[in-house]
Amino acid sequence: MVHKMPSGTDELIADLADAIGAGRVTAGGAAREIYGRDSSIIEGGHSGPVCFPESTRQIAECVRVAVAHGRDFVPRGAGTGLSGGAVPCNDPVVISTTRMNRILEVDVERRIAWVEPGVINLDLSRHLAGTGLHFAPDPSSQQACTIGGNLANNSGGPHCLAYGVTSEHVAAIEVVLSDASTVLLGAEVGDAVGYDLRGAFVGGEGTLGIAARIAVRLTPDPPVVRTLLLDFQSLVDAAETVTGIIAAGIVPAALEMMDRNTVEAVENFVEAGYPRDAEAVLIVELDGLEEGVTHEIKIVKRVGNENGVGTVRVAADDVERELIWKGRRNAFGAIAHIKPGYYLHDTVVPRTRLAEVVAKVNEAVERHDLIVANVFHAGDGNLHPLMAFDPREPGVMERVYAASEEIVRIAIEAGGVLSGEHGIGLEKRGFMPLLYSPDDLSAQRALRDAFDPVGHANPLKMFPTGSSCGDVMHLAEVPEGVWV
Amino acid sequence: MSDLEEFRNEVGTTGSVCVKGGGTRWDVGGEVGQGVRVVSAPSGIDAYDPAEMTVLVGAGTTLTALAEVLAEHRQEVALAGPVGSTVGGALAVGWNSIRRQRVGFARDALLQAECVGADGKRFKAGGPTVKNASGYELCRLLVGSLGTLALMGRVILRTTPIPEWSLWLRGSVTPADVVKSCYRPASILWDGSYSHVCLEGYEADVQREASALIDSGMVKVQGPPSLPPHRNRLTGDLPEGAILDVAIGVAHCPEAAAIQCVDPAVKCIADRMKANFDPHRRLNPNRDPYSVPA
């Protein structure tokens, strides 16, 4: 049943239509149903009218009208977020950037591109083919996710190990604030004078304003790329290899790990050529100049041999390399072959404690009678334990929540953090007090309020809402009707 | 921990206070004025695990002392400054190394900061891991804030490997041509007539790229040129005697440039930020991150 919208909505819709054109506003039940959720497992969001602006001015108009009606606004890219950052609470105006998908300017010499926020991540790098440049952040959803969404979540991806997360690739941002004004943060070259408001804005999950135009830095394509696949009979050995590679002074372009359950699912799905009998496989990608890459391959092989590696396969050509990556990129989809539903977690731990933490996570999840598959960015300690389950099974979600809470606590106790790249959103806001004291959170509140003193930009995200640590993920702490 | 508590007590809850590191760039953003209590952040390296590529260090530690310890494991951090400058000072100023293209931006080096706020309470920004999307990016806000939002006591920095080989060259090849012939040079400086290029990496790769530049007329030199004292943002032609850091658009000039006007919309957010963090303006009074030429 479609949620009934509050009074005054008809007037709100009319004003939005007047401001940006009726063809750019929808408030039908189907649309509000679709825009009531994102790719997280959070359900029950309530969207108000959904707007599809096509310019900075139109974004500002959406914000102006929403706030004039006392409504909040929620920015939204492709809706691929996994923490509920785009899930609307309390019938806000949802501002979708999907029609703002133009690549406005590419300056090859200065290695800068101006894009609209709705440009799909992979489309930019495809557009850049032949220039010798690419956009480095490469989240697994890069075929669908938008650069505006990447900016909001400070997204990563396998190659951010060497190249850095999204913030390091955003030079300047044109932002629409909650008072409908527009401001340019950052600078095309180097640092802007004063506070790094650009850096503060990135990762703000749409709670600080809406990015309307983004200047991204472009990264030169490496002249040489080599991709290695290493298999192990023990996850501990694979983790020790990760530590050994980093300790040897190598920062690979990517350093990914998959466990037995993932390998099996991937092989059943895409036949990437991973050894089915392995307890863990590592994908190590090395790039740069010829001599250095050759040298680093030798070191990776040596470290692998010191830690009981089975085989070390160096992809012979681009086809083999692409197949290795195809398996990694399809890992989450492959899990659907185990069970119809999954919940993907995202925490970071010190990379030297990977093996110990994964063992604890597996034990916790299995104790809750759930299947766990691990596929993660091992090089920077970014875990992605993935719980597979059948949502139709009575009581299964309670077990999933209980296991989730344990996973978070295990990571924090190991000196880790709540999220490496998916953000906090609604999913983890209740866990924030596990990582931050009230005074830590007050400082974060000070940052947020400087951008959005009226509190209309995607509220109810990021901060706990007065609940204690014991209430983490408790249904009572999220807005009525929303469940995690 | 006790050092941090002592630092917190020194900062206290009332009266104007500033934190002083090595004092090597003390006038950046304006002098703090008379009658301001001067405090110092704790110094010393509290934890360093080379395999983790992070270091926990008191903000009062000198960059030289830190570099010595990291170099034992062939690692370094993206901070730079004159002899005597401290980690906290380098972060507060936020200037990038001239090797920025190799080591990264200064603002990306700070993973976690344990601070004392204007209310005299301790708070933590960021987290200890090399990757973190848990909450707002307070660390990036603090870098370059000249201690006007909070005072950093202890920090966790990201380290990077020191390259096997490093080489400086000088010649009349333009920066654009250097970029075309080299893959990610560590530094490109331009003095109006000559490029000064730093190549870093494995020896054989560096020598090969250097050979190409030498064939184009560049010559090996001992190190970077001596940089003039004032940092200005390049807005037109490069002034006489200036040296441009191409990657960050900063011109090192013999004379200081005028302070540029700041967009009122930006200043409005900045003023709210200051008011939210330090409503009584007790931290580094009179110092203004917007009163710098670059």
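Within every chain, numbering begins at 1; the chains are lettered A, B, ... in the order of the sequence lines, protein sequences first and strands thereafter. Heavy atoms only: backbone and side chains are in, while hydrogens, waters and symmetry mates are out.
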* Structure fact -> When V417(A), L161(A), V348(A) are each screened for side-chain contact (heavy atoms from CB on, under 4.5 Å) with N382(A), the one that passes is V348(A)

* To do: Name the region of S442(A), side chain, backbone, both or neither, that has any atom closer than 4.5 Å to a heavy atom of chain B.
  => neither

* Asked: So, do Y48(B) and H73(B) have ring centers that fall under 6.0 Å from each other?
  -> yes

* **Most contacts with chain B, counted as non-hydrogen pairs under 4.5 angstrom, among G420(A), A247(A), P438(A), S83(A)** => G420(A)

* To do: Measure from NZ or CZ of R445(A) to the centre of the six-membered ring of F463(A), then state whether that distance is under 6.0 Å and the direction lies within 45° of the axis.
  => yes

* Asked: What part of S181(A) lies closer than 4.5 angstrom to a heavy atom of chain B: side chain, backbone, both or neither?
  -> neither

* Asked: Between the side chains of Q75(B) and T159(B), is a donor N or O closer than 3.5 angstrom to an acceptor N or O?
  -> yes

* Apply the test salt bridge (charged side-chain N to carboxylate O under 4.0 Å, His left out) to residues D108(B) and R140(B): give CA-CA distance (whole Å), side-chain angles for both, the deciding distance (0.1 Å), then the verdict. => CA-CA 7 Å; D108(B) 296 328; R140(B) 287 191 167 87; 2.7 Å; yes

* A253(A) versus A162(A), closest heavy-atom pair with distance -> CA-CB, 3.6 Å

* Structure fact -> Note: vs chain B, highest number of non-hydrogen pairs under 4.5 angstrom among K461(A), R448(A), H377(A), K428(A) is R448(A)

* Structure fact -> For C139(B), the side chain to side chain contact (heavy atoms under 4.5 Å, CB included) test, sequence neighbours excluded, returns L110(B), A125(B)

* Can you tell which part of D245(B) gets under 4.5 Å to a heavy atom of chain A, answering side chain, backbone, both or neither? => neither

* Asked: Contact part of L184(A) toward chain B, heavy-atom cut-off under 4.5 Å: side chain, backbone, both or neither?
  -> backbone

* Within the side chain of D346(A), is there an N or O that forms a donor-acceptor pair under 3.5 Å with the backbone of H384(A)? -> no

* State, without any angle test, whether E200(B) and S166(B) hold a side-chain donor-acceptor pair at a distance under 3.5 Å. => yes

* Tell me, side chain or backbone of E203(B) under 4.5 Å from chain A's heavy atoms, or both, or neither? -> neither

* To do: I would like to know whether H345(A) and T347(A) meet side chain to side chain contact (heavy atoms under 4.5 Å, CB included); could you show each step before the answer?
  => CA-CA 7 Å; H345(A) 239 286; T347(A) 60; 4.2 Å; yes

* To do: Please look at F105(B) and chain A and tell me whether the side chain, the backbone, both or neither of the residue comes under 4.5 angstrom of a heavy atom of that chain.
  => side chain

* Quick one: what part of V349(A) sits under 4.5 Å from any heavy atom of chain B, side chain, backbone, both or neither? -> backbone

* Which region of L435(A), side chain (C-beta onward) or backbone (N, CA, C, O), has a non-hydrogen atom less than 4.5 Å from a non-hydrogen atom of chain B, or is it both or neither? -> both

* Against chain B, label P453(A) side chain, backbone, both or neither, depending on which of its atoms sit under 4.5 Å from a heavy atom there. => side chain

* To do: Measure distances from V250(B) to the heavy atoms of chain A and classify the residue's part below 4.5 Å as side chain, backbone, both or neither.
  => neither

* Asked: Mind checking what makes side chain to side chain contact (heavy atoms under 4.5 Å, CB included) contact with L82(A), not counting sequence neighbours?
  -> S39(A), L344(A), H422(A)

* Asked: Can you name the closest pair of heavy atoms from S97(B) and A78(B) and give their distance?
  -> CB-O, 4.0 Å

* Asked: Top residue by heavy-atom pair count (under 4.5 Å) with chain B, among D380(A), I246(A), D221(A)?
  -> D380(A)

* **Contact origin within A294(B) toward chain A - heavy atom pairs under 4.5 Å** => backbone

* Asked: If contact means a heavy atom pair closer than 4.5 Å, which residues of residues 189-200 of chain A contact chain B?
  -> V189(A), G190(A), D191(A), A192(A), V193(A), G194(A), Y195(A), D196(A), L197(A), R198(A), G199(A), A200(A)

* Proximal component of E109(A), with respect to chain B [non-hydrogen, under 4.5 Å] -> side chain

* **Among the listed options L441(A), V175(A), L208(A), the residue most often paired with chain B at heavy-atom distances under 4.5 Å** => L208(A)

* T56(A) and E174(A) side chains, donor-acceptor separation under 3.5 Å -> yes

* **Proximal component of R107(B), with respect to chain A [non-hydrogen, under 4.5 Å]** => side chain

* Asked: What residues form a side chain to side chain contact (heavy atoms under 4.5 Å, CB included) with I259(B), not counting sequence neighbours?
  -> P293(B)

* Answer with side chain, backbone, both or neither: which region of R111(A) has an atom nearer than 4.5 Å to a non-hydrogen atom of chain B? => side chain

* To do: Would you mind checking which part of V242(A) comes under 4.5 Å of any heavy atom in chain B, side chain (CB onward), backbone (N, CA, C, O), both or neither?
  => neither

* Which one of T352(A), N154(A), L418(A) has the most heavy-atom pairs closer than 4.5 Å to chain B? -> T352(A)

* **R281(B), CZ atom: more than 12 neighbouring heavy atoms under 6.0 Å** => no

* Asked: Is there a donor in the side chain of N132(B) and an acceptor in the side chain of S134(B), or the other way round, less than 3.5 Å apart?
  -> yes

